[in-house]
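Worksheet for the structure shown next.
Naming convention: chains lettered A, B, ... in sequence-line order (proteins, then strands); numbering from 1 in each chain.
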Number of protein chains: 4
Amino acid sequence: MSGSVNKVILIGNCGADPEIRRTQDGRAIANIRLATSESWRDRTSGERREKVEWHTVVIFNEALAKIVEQYVKKGAKIYVEGQLQTRKWQDTQGNDRYSTEVVLQGFNAKLEMLDKRQGSGYQAGGSGPGDYGLDEDRATGASSQSSNSQTAGGGNFSRDLDDDIPF
Amino acid sequence: MSGSVNKVILIGNCGADPEIRRTQDGRAIANIRLATSESWRDRTSGERREKVEWHTVVIFNEALAKIVEQYVKKGAKIYVEGQLQTRKWQDTQGNDRYSTEVVLQGFNAKLEMLDKRQGSGYQAGGSGPGDYGLDEDRATGASSQSSNSQTAGGGNFSRDLDDDIPF
Amino acid sequence: MSGSVNKVILIGNCGADPEIRRTQDGRAIANIRLATSESWRDRTSGERREKVEWHTVVIFNEALAKIVEQYVKKGAKIYVEGQLQTRKWQDTQGNDRYSTEVVLQGFNAKLEMLDKRQGSGYQAGGSGPGDYGLDEDRATGASSQSSNSQTAGGGNFSRDLDDDIPF
Amino acid sequence: MSGSVNKVILIGNCGADPEIRRTQDGRAIANIRLATSESWRDRTSGERREKVEWHTVVIFNEALAKIVEQYVKKGAKIYVEGQLQTRKWQDTQGNDRYSTEVVLQGFNAKLEMLDKRQGSGYQAGGSGPGDYGLDEDRATGASSQSSNSQTAGGGNFSRDLDDDIPF
DNA sequence: TTTT
DNA sequence: TTTT
């Protein structure tokens with residue numbers, strides 16, 4: 001099917017420190033429980049009410065997962081852009097179960113930290129936090145690649161693209 | 001919590017005719033099974049591969065649900081903008097189960113039909129299909145309403161809002 | 001034309017305090033200069049580079065404009081969701097000029113403050129800052145209205161819509 | 001600045017065939033004039049009204065520009081996701097002028113064709129149109145790269161990622 | 001200048 | 001003109 005779009009944009013707060021899992025082959029995957037909320041004034045009572053929604057955000061990207069592990073903590077406010085994915089699994093009774101997650105993977109995925117940097121430290125590394133798009137990771141790949149492709153194909157668009165890559 | 005955003009944007013095709021349910025108090029609710037897909041060329045085999053993702057879209061709006069019932073059919077390509085919502089329920093064995101849905105409700109919800117109109121007919125009604133955002137309808141409703149609500153001492157926000165309605 | 005979407009989503013910092021103008025008929029309009037930026041590491045020099053983009057955000061909504069005036073200050077980080085609009089005007093030499101702005105107006109517009117509330121004060125009012133979507137406010141207005149408009153036989157879309165308002 | 005987002009999402013119709021320009025160094029750039037529109041029923045007259053907005057979409061990507069040149073024609077309905085960019089230039093009288101464009105470049109850019117494929121032909125090539133994300137271009141780079149990274153790191157996640165890359 |  |  002063509003002409004398809006699957007995009008989720010969330011701004012919320014982390015309910016806990018991210019969990020970092022590792023695949024058999026050693027790749028890091030970060031899981032974040034993210035809370036978004038809406039508030040409104042109740043029509044009848046006039047009271048302010050709030051509804052909180054919890055989302056499971058899964059980051060399939062080792063480099064990004066590590067950054068998340070390092071900088072994203074419980075309570076942090078973040079922006080994530082990914083896609084909806086529903087995973088099928090079996091519970092202990094053998095029933096089919098489904099879990100829907102917001103997956104950041106590959107392109108068109110993005111994560112931004114929205115809290116003011118306080119304190120110090122992590123700026124030191126030079127790379128610094130901030131624009132933690134998956135971009136960055138792709139960038140890594142893309143640039144190591146580009147040194148080839150550029151010379152090879154001379155496509156200087158890919159050159160510019162690489163220049164544009166965050167980092 | 002403030003500063004929260006919960007937004008889903010999908011473009012996909014309906015897997016079946018929408019289902020219209022009705023709440024106890026008679027409101028119509030439309031359910032759409034929407035498929036999005038990604039395709040890519042497998043690097044090793046060179047074959048084209050495709051991954052389809054199915055989404056449950058729930059439309060809590062009688063008028064919109066009726067429009068959906070009337071014009072959205074199996075196979076139709078639509079744009080939906082709503083929010084992620086996870087609903088808890090009990091299965092027959094009494095286990096907690098969760099279903100995540102894309103909910104179109106209230107503001108910041110939108111539905112657009114992306115297929116070319118073929119044939120005729122439904123334009124006749126005057127209202128016509130096309131921009132089936134909640135927008136348009138709210139606008140209509142909001143304005144007829146505002147003359148009342150404003151006088152009624154309704155929040156003067158609604159007054160401003162009406163002014164804000166696209167022209 | 002049907003099947004149309006025009007959406008802009010920005011997260012950035014205000015370059016100055018918002019400007020509040022007023023239309024002839026007394027409605028407030030807020031203007032914000034918003035900076036977004038991208039940064040990346042230059043491939044050849046290894047230096048970190050940054051490109052800043054400035055946006056003009058125009059808020060056509062008296063209540064929201066006032067909230068903006070009150071709480072959004074120079075340096076504030078905000079989320080805005082609106083639409084692209086290009087305005088034609090004449091310069092002093094009589095040449096046609098065009099300005100493109102991000103317009104928040106009517107539905108499908110949203111503004112969220114992303115800075116942590118520090119200090120005190122503005123929570124007191126009860127309404128509180130935070131979710132300054134047009135949402136909330138429309139909801140208020142819309143709901144007080146709905147009890148009327150429904151009876152009044154207002155478009156039954158508005159009826160549904162009101163029902164749809166978050167709770 | 002960190003924590004920044006600059007995103008534009010449009011669904012509209014092409015007002016003319018795309019223009020393909022070429023930079024001095026031979027890279028293709030596509031320009032599309034895209035119309036979005038809103039329609040609503042006038043509150044007082046009850047008439048249906050429509051407001052059309054024109055956008056300039058600029059695609060800085062040789063491969064994508066060529067696909068656009070080949071498949072996107074006047075009247076086509078497309079989805080584009082890019083970012084806002086304002087370009088400064090001098091008019092013939094030496095005045096500063098600014099043009100704001102929706103730029104598709106690098107990551108987080110996407111273009112989808114939303115018209116039903118009619119007729120035949122272009123499906124034949126095997127690659128087919130459909131998901132014309134910039135992804136595709138990155139994919140090209142990324143995959144040539146991945147053949148390295150995979151062997152090197154064996155991370156089959158990167159393998160999956162690459163596999164996921166459109167085209 | 002598109003589209004409905 | 002913001003922010004990091």
Would you say the side chains of N95(D) and Q90(D) form a donor-acceptor pair under 3.5 Å? no

Which residues pass the salt bridge (Lys or Arg N to Asp or Glu O under 4.0 Å) test with R22(D), sequence neighbours left out? E62(D)

Roughly how many Å is it from [atom1] in [X] to [atom2] in [N], rounded to a whole number?
| X | N | atom1 | atom2 | answer |
| --- | --- | --- | --- | --- |
| N31(D) | dT2(E) | CG | C1' | 16 Å |
| N6(D) | dT2(F) | CG | C1' | 14 Å |
| K73(C) | dT1(F) | NZ | P | 20 Å |
| E112(B) | dT2(E) | CD | P | 20 Å |
| K88(D) | dT1(F) | NZ | C1' | 14 Å |
| K77(D) | dT2(E) | NZ | P | 14 Å |
| E53(D) | dT1(E) | CD | C1' | 14 Å |
| D17(C) | dT1(F) | CG | P | 14 Å |

Would you mind checking if E38(C) and R49(C) are paired as a salt bridge, meaning a charged N to carboxylate O distance below 4.0 Å? no

Choose from [options] the nucleotide whose nearest atom is closest to any side-chain atom of [X].
| X | options | result |
| --- | --- | --- |
| K116(A) | dT2(F), dT4(F), dT3(E) | dT4(F) |
| R33(C) | dT3(E), dT1(F), dT2(F) | dT1(F) |
| E50(D) | dT2(F), dT3(E), dT1(F) | dT3(E) |

Can you sort out the partners of T44(D) under side chain to side chain donor-acceptor pair (under 3.5 Å), two or more places apart, ordered by chain and number? D42(D)

